[in-house]
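A short worksheet on the structure shown next.
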Amino acid sequence: MTTKYTEDHEWIRVDGGVATVGITPHAQDALGDVVFVDLPEVGKSFAQKEVAGVVESVKAAADVYMPISGEVVEVNEALRNDPSLANSDPLDTGWFFKVKLSDASQLDALLDETTYTAFSAAG
């Protein structure tokens with residue numbers, strides 16, 4: 001499994017033709033305590049960089065962008081019921097949705113962990 005990152009602070013972990021998407025620890029740190037998540041509908045397709053959801057915290061609201069083009073095949077109902085999972089475990093149980101990839105070559109333009117860490121530290 002490969003994990004990639006976007007400059008909008010989403011992570012994407014690909015396993016076969018399906019990718020799991022969430023927000024990075026840097027994003028949840030910047031947002032503060034997450035109080036609400038608006039997740040996309042299962043079966044809906046999105047283009048890369050299209051807004052697929054919203055995360056709201058006590059400090060701000062932020063759009064969640066689709067890192068790659070694809071169709072939403074699952075959403076994290078546990079996160080909908082307990083948005084604080086985005087804070088307590090953003091890289092595992094706090095995932096947002098799963099996407100069936102429509103163009104795996106889009107992954108090549110995303111950041112690897114080293115590049116993302118440098119990017120987020122500079123920003």
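- Cluster membership check: Leu101 does not share its hydrophobic cluster with Leu111, using side-chain heavy-atom separations under 4.5 Å among Ile, Leu, Val, Met, Phe, Trp and Tyr.
- Taking both residues in full, the closest heavy atoms of Val72 and Pro40 are given as CG2-CG, 3.8 Å, listed atom of the first, atom of the second, then distance.
- Contact record, Ala27 with Ile23: CB-CB, 4.0 Å, taken as the closest heavy-atom pair.
- Not a single donor-acceptor pair under 3.5 Å links the side chain of Asp8 to the backbone N or O of Glu10.
- Under a hydrophobic-cluster definition in which Ile, Leu, Val, Met, Phe, Trp and Tyr are linked whenever side-chain heavy atoms come within less than 4.5 Å, directly or via other members, Met66 and Val55 are assigned to the same cluster.
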Q.
Using the rule given for side chain to side chain contact (heavy atoms under 4.5 Å, CB included), can you reason through Val42 versus Val73, listing the C-alpha separation, both sets of side-chain angles and the distance that settles it, and then say yes or no?
A. CA-CA 5 Å; Val42 171; Val73 294; 5.5 Å; no
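- In this structure, the separation between NZ on Lys98 and NZ on Lys100 is 15.0 Å, given to the nearest 0.5 Å.
- Annotation for Gly16 and Val14: closest pair O-CG1, 3.3 Å, computed over non-hydrogen atoms.
- If you check the side chains of Thr20 and Arg13, you find no donor sitting under 3.5 Å from an acceptor.
- Thr114 and Asp112 share no donor-acceptor pair across their side chains, judged by distance under 3.5 Å alone.
- Taken from CZ in Arg80 to CZ in Phe36, the straight-line distance is 8.0 Å, to the nearest 0.5 Å.
- Between Asp82 and Ser84, the shortest heavy-atom contact is OD1-OG, 2.5 Å.
- The minimum heavy-atom distance between Pro67 and Thr6, with the atom names listed, is CB-CG2, 3.7 Å.
- Residue Glu113 qualifies as open at atom CD: its count of foreign heavy atoms under 6.0 Å is 12 or below.
- In this structure a side-chain-to-backbone donor-acceptor pair under 3.5 Å is present from Asn87 to Val34.
- Each of Phe96 and Trp11 belongs to its own hydrophobic cluster when Ile, Leu, Val, Met, Phe, Trp and Tyr are linked at side-chain heavy-atom distances under 4.5 angstrom.
- Formation of a donor-acceptor pair under 3.5 Å by the Ser57 side chain with backbone atoms of Leu31 is found in this model.
- Tested against Ser69 for a side chain to side chain donor-acceptor pair (under 3.5 Å), the candidates Gln106, Lys49, Gln48 yield a single pass: Gln106.
- No single ILVMFWY cluster, assembled from side-chain heavy atoms under 4.5 Å apart, contains both Val37 and Leu91.
- Leu110 pairs in a side chain to side chain contact (heavy atoms under 4.5 Å, CB included) with only one of the listed residues (Thr2, Ile12, Thr115), which is Ile12.
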Q: May I have the step-by-step check of side chain to side chain contact (heavy atoms under 4.5 Å, CB included) for Val99 and Ile68, ending in yes or no?
A: CA-CA 9 Å; Val99 181; Ile68 43 83; 3.8 Å; yes
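- With hydrophobic clusters built from ILVMFWY side chains whose heavy atoms lie under 4.5 angstrom apart, Leu79 does not share a cluster with Trp95.
- The aromatic rings of Tyr5 and Tyr116 sit parallel, their planes meeting at an angle under 30°, below the 60° perpendicular limit.
- Residue-environment remark: CD (Glu77) exceeds the threshold of 12 foreign heavy atoms within 6.0 Å.
- Looking at Asn76, its side chain does come within 3.5 Å of a backbone N or O of Thr93 through a donor-acceptor pair.
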**Q.** Stepwise side chain to side chain contact (heavy atoms under 4.5 Å, CB included) check, Glu50 with Tyr65
**A.** CA-CA 5 Å; Glu50 192 174 357; Tyr65 297 95; over 6 Å; no
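- Atom NE2 of His9 is separated from atom OG of Ser120 by 6.5 Å, given to the nearest 0.5 angstrom.
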